[in-house]
Amino acid sequence: MLEEVYVKRKPPANLRIDDEKLFLGAYEVNFKTYPILRLDNIALLQDTVFSPSHMRFYSSHTHIHPLGVLPLGKRVVHCALKKWKKIPHGIWIKDEWSANYFHWITDCLPRLWVGLETGISDRVILHESYRHLPYVTQSLEILNINPIYYRSNENLWVENLVLTPRTATYPNFNKELAQNTRNKLRLSPSVEPFRMVYISRKFAPRRKTHNELDVELLMTYYGFEVIYAENLSLQEQISLMSETKIFVSLHGAALTNMIFLPNGSKVVELRNQGDSITQCYFNLANALDLAYYYTLNQGDTKDSIISDFTVDIEALKQVLDLLCD
């Protein structure tokens with residue numbers, strides 16, 4: 001049975017009346033989630049879960065969009081001749097979006113909390129490619145979770161599997177679980193948060209700022225530190241955020257780090273002008289009870305996921321005047 005979840009959100013702290021149409025669709029949302037499943041004697045065929053006793057795949061839990069007969073059949077054929085590895089228990093927390101910093105922190109870790117609550121297993125099952133994602137290995141090390149990695153040339157037979165569902169539909173969040181992630185990973189600041197941080201996407205492969213130099217000069221003028229997150233370990237990013245009172249970044253995965261901010265900190269997202277669809281960071285700030293501010297900026301395309309931006313310097317200056325007064 002699906003569980004229905006209702007979410008009500010606060011508007012941005014610096015909302016302009018003309019911009020409210022961009023956020024109206026996110027103020028009140030209903031979504032449904034699948035139940036957690038406890039399964040015995042399960043076959044893991046790469047990215048899918050199959051129950052021989054029930055003759056059933058569970059792609060509703062392993063994929064964003066459930067797989068049809070043809071793709072499931074191809075997986076069976078592809079895995080038919082692979083060797084088998086048997087494990088006593090494990091927790092499944094991933095889907096095809098999980099090898100991404102934002103989705104790992106905001107989707108996979110909440111699923112882990114749900115899985116651990118069953119008491120059946122304390123091991124998370126991951127493909128070996130996840131070994132090469134520093135934020136995965138470092139977060140699991142911080143949490144003292146020992147993963148089970150499987151190779152592309154093997155199938156897994158799991159005697160007791162905890163199959164977790166996505167805890168919210170994208171771009172929504174389960175507030176309790178999002179705050180649980182924050183509480184488990186963030187540091188308690190030893191001093192009153194004092195840092196003002198701008199995380200730049202200067203060295204990112206995409207979604208960059210055409211006028212990055214102008215942005216960095218402005219941020220420096222207002223007393224912000226300009227940070228390149230790719231140069232920091234996860235633990236260093238957590239430590240940085242624990243001392244941060246104002247956090248600014250362009251729409252992108254760096255804003256995930258708001259989850260490590262102290263209570264009372266403020267977040268500024270440099271958004272794509274006219275985008276009323278991509279609300280993940282507005283929604284995340286609400287789930288964490290953080291004050292959310294924004295500016296609207298000219299994107300090269302309407303798709304904020306892939307677009308480069310020209311930041312509106314005057315609009316950014318107005319927000320910084322408001323926050324730094």
Side-chain angles (χ1 to χ4, degrees), residues 7-29 102 106 170-173 196-227 229 244-259 261 265-325:
V7 178
K8 186 173 183 178
R9 302 185 177 103
K10 298 178 181 178
N14 65 325
L15 179 66
R16 296 173 62 251
I17 298 300
D18 291 345
D19 298 337
E20 188 156 37
K21 60 183 180 294
L22 299 177
F23 298 95
L24 278 176
Y27 287 162
E28 295 189 55
V29 175
F102 168 78
T106 65
Y170 179 80
N172 300 297
F173 304 93
M196 299 189 297
V197 171
Y198 168 64
I199 294 187
S200 169
R201 292 186 61 85
K202 183 176 182 178
F203 300 111
R206 58 187 173 87
R207 205 183 305 121
K208 303 170 80 167
T209 304
H210 295 302
N211 56 339
E212 180 63 26
L213 178 58
D214 294 333
V215 175
E216 292 188 10
L217 288 173
L218 181 67
M219 301 307 292
T220 301
Y221 174 80
Y222 276 86
F224 279 73
E225 301 171 66
V226 177
I227 302 294
T244 297
K245 65 178 183 178
I246 304 174
F247 173 33
V248 181
S249 193
L250 188 71
H251 175 86
L255 281 166
T256 309
N257 283 340
M258 73 172 76
I259 209 163
L261 289 172
S265 295
K266 298 176 175 60
V267 178
V268 182
E269 177 184 12
L270 310 183
R271 293 174 59 108
N272 194 359
Q273 183 174 314
D275 185 356
S276 61
I277 304 299
T278 315
Q279 303 286 10
C280 48
Y281 298 110
F282 168 65
N283 294 347
L284 182 58
N286 261 272
L288 299 171
D289 294 321
L290 295 171
Y292 172 91
Y293 296 75
Y294 71 98
T295 68
L296 298 180
N297 308 276
Q298 185 63 53
D300 291 353
T301 71
K302 294 181 179 180
D303 187 348
S304 298
I305 303 299
I306 62 173
S307 182
D308 290 339
F309 293 81
T310 300
V311 170
D312 186 329
I313 296 297
E314 186 56 37
L316 178 55
K317 184 178 178 181
Q318 291 175 12
V319 173
L320 297 181
D321 282 337
L322 178 64
L323 292 174
C324 300
D325 186 12

Completion exercise
Across all chains, not counting sequence neighbours, the side chain to side chain contact (heavy atoms under 4.5 Å, CB included) partners of N211 are T209, D214, V215, T310, V311, I313

Fill in the blank from the handout: Value for CD1 (I305) from SG (C280), rounded to nearest 0.5 Å, stands at 6.0 Å

Practice task
Start with the C-alpha gap between K266 and K245, add the side-chain angles, then the distance that decides, and say whether side-chain contact (heavy atoms from CB on, under 4.5 Å) holds.
Solution key: CA-CA 6 Å; K266 298 176 175 60; K245 65 178 183 178; over 6 Å; no

Practice task
State, without any angle test, whether S304 and D275 hold a side-chain donor-acceptor pair at a distance under 3.5 Å.
Solution key: yes

Handout entry: CZ on R271 to CG on L22, rounded to 0.5 Å
Key = 6.5 Å

Exercise for the section: Of all the heavy-atom pairs spanning E212 and S200, show the shortest one and how long it is. Expected result: OE2-OG, 2.8 Å

Problem - Side chain proximity check, F282 to P12, heavy atoms < 4.5 angstrom - result: yes

Problem - pair L323-Y222: side-chain heavy atoms closer than 4.5 Å - result: no

Problem - Note, L296 side chain near D312 side chain (heavy atom, < 4.5 Å) - result: no

Exercise for the section: Step through the shown structure and confirm whether more than 12 heavy atoms of other residues, nucleotides or ligands are within 6.0 Å of CD1 on I277. Expected result: no

Problem - Intermediate values then yes/no, side-chain contact (heavy atoms from CB on, under 4.5 Å), F247 and L261 - result: CA-CA 9 Å; F247 173 33; L261 289 172; 4.1 Å; yes

Exercise for the section: Drop me the distance from Q279's CD to Y27's OH, to the nearest 0.5 angstrom. Expected result: 9.0 Å

Handout entry: Option passing ring pair (Phe, Tyr, Trp, His ring centres under 6.0 Å) with Y281 (candidates Y292, Y294, F102)
Key = F102

Exercise for the section: Determine yes or no for a side-chain-to-main-chain donor-acceptor pair under 3.5 angstrom, with N272 supplying the side chain and T301 the backbone. Expected result: yes

Completion exercise
What one should report as the nearest heavy-atom pair of V226 and E216 is CG1-CD, 3.7 Å

Exercise for the section: Output yes when a side-chain donor or acceptor of T295 lies under 3.5 Å from a complementary backbone atom of A315, and no otherwise. Expected result: no

Exercise for the section: Would you check, one step at a time, whether the test side-chain hydrogen bond (donor to acceptor under 3.5 Å, both in side chains) holds for N172 with R9? Expected result: CA-CA 11 Å; N172 300 297; R9 302 185 177 103; 2.8 Å; yes

Problem - Validation row: C324, F224 side chains within 4.5 angstrom (heavy atoms) - result: yes

Problem - Non-hydrogen side-chain atoms of Y221 and L320 separated by less than 4.5 Å - result: no

Handout entry: Distance, nearest 0.5 Å, that separates CE of M196 from OG1 of T220
Key = 10.5 Å

Problem - Over all atoms of both residues, closest heavy-atom pair of M258 and L290 - result: O-CD1, 3.6 Å

I'd like a table of donor-acceptor pairs (distance under 3.5 Å, sequence neighbours excluded) in which one partner is a side-chain atom from residues 248-256, with atom names and distances.
{"from": "S249", "atom 1": "OG", "to": "I199", "atom 2": "O", "distance (Å)": "2.9"}
{"from": "H251", "atom 1": "ND1", "to": "E269", "atom 2": "OE2", "distance (Å)": "2.7"}
{"from": "T256", "atom 1": "OG1", "to": "A253", "atom 2": "O", "distance (Å)": "2.7"}

Handout entry: Value rounded to 0.5 Å, distance of CG in L270 from OH in Y198
Key = 6.5 Å

Exercise for the section: Could you give me the CA-CA distance, side-chain angles and deciding distance for L316 and M219, then say whether side-chain contact (heavy atoms from CB on, under 4.5 Å) is met? Expected result: CA-CA 9 Å; L316 178 55; M219 301 307 292; 3.9 Å; yes

Exercise for the section: For H210 and D300, work out which heavy atoms get closest and say how close. Expected result: NE2-OD2, 2.8 Å

Problem - From CG (N283) to CZ (F23), nearest 0.5 Å - result: 10.0 Å

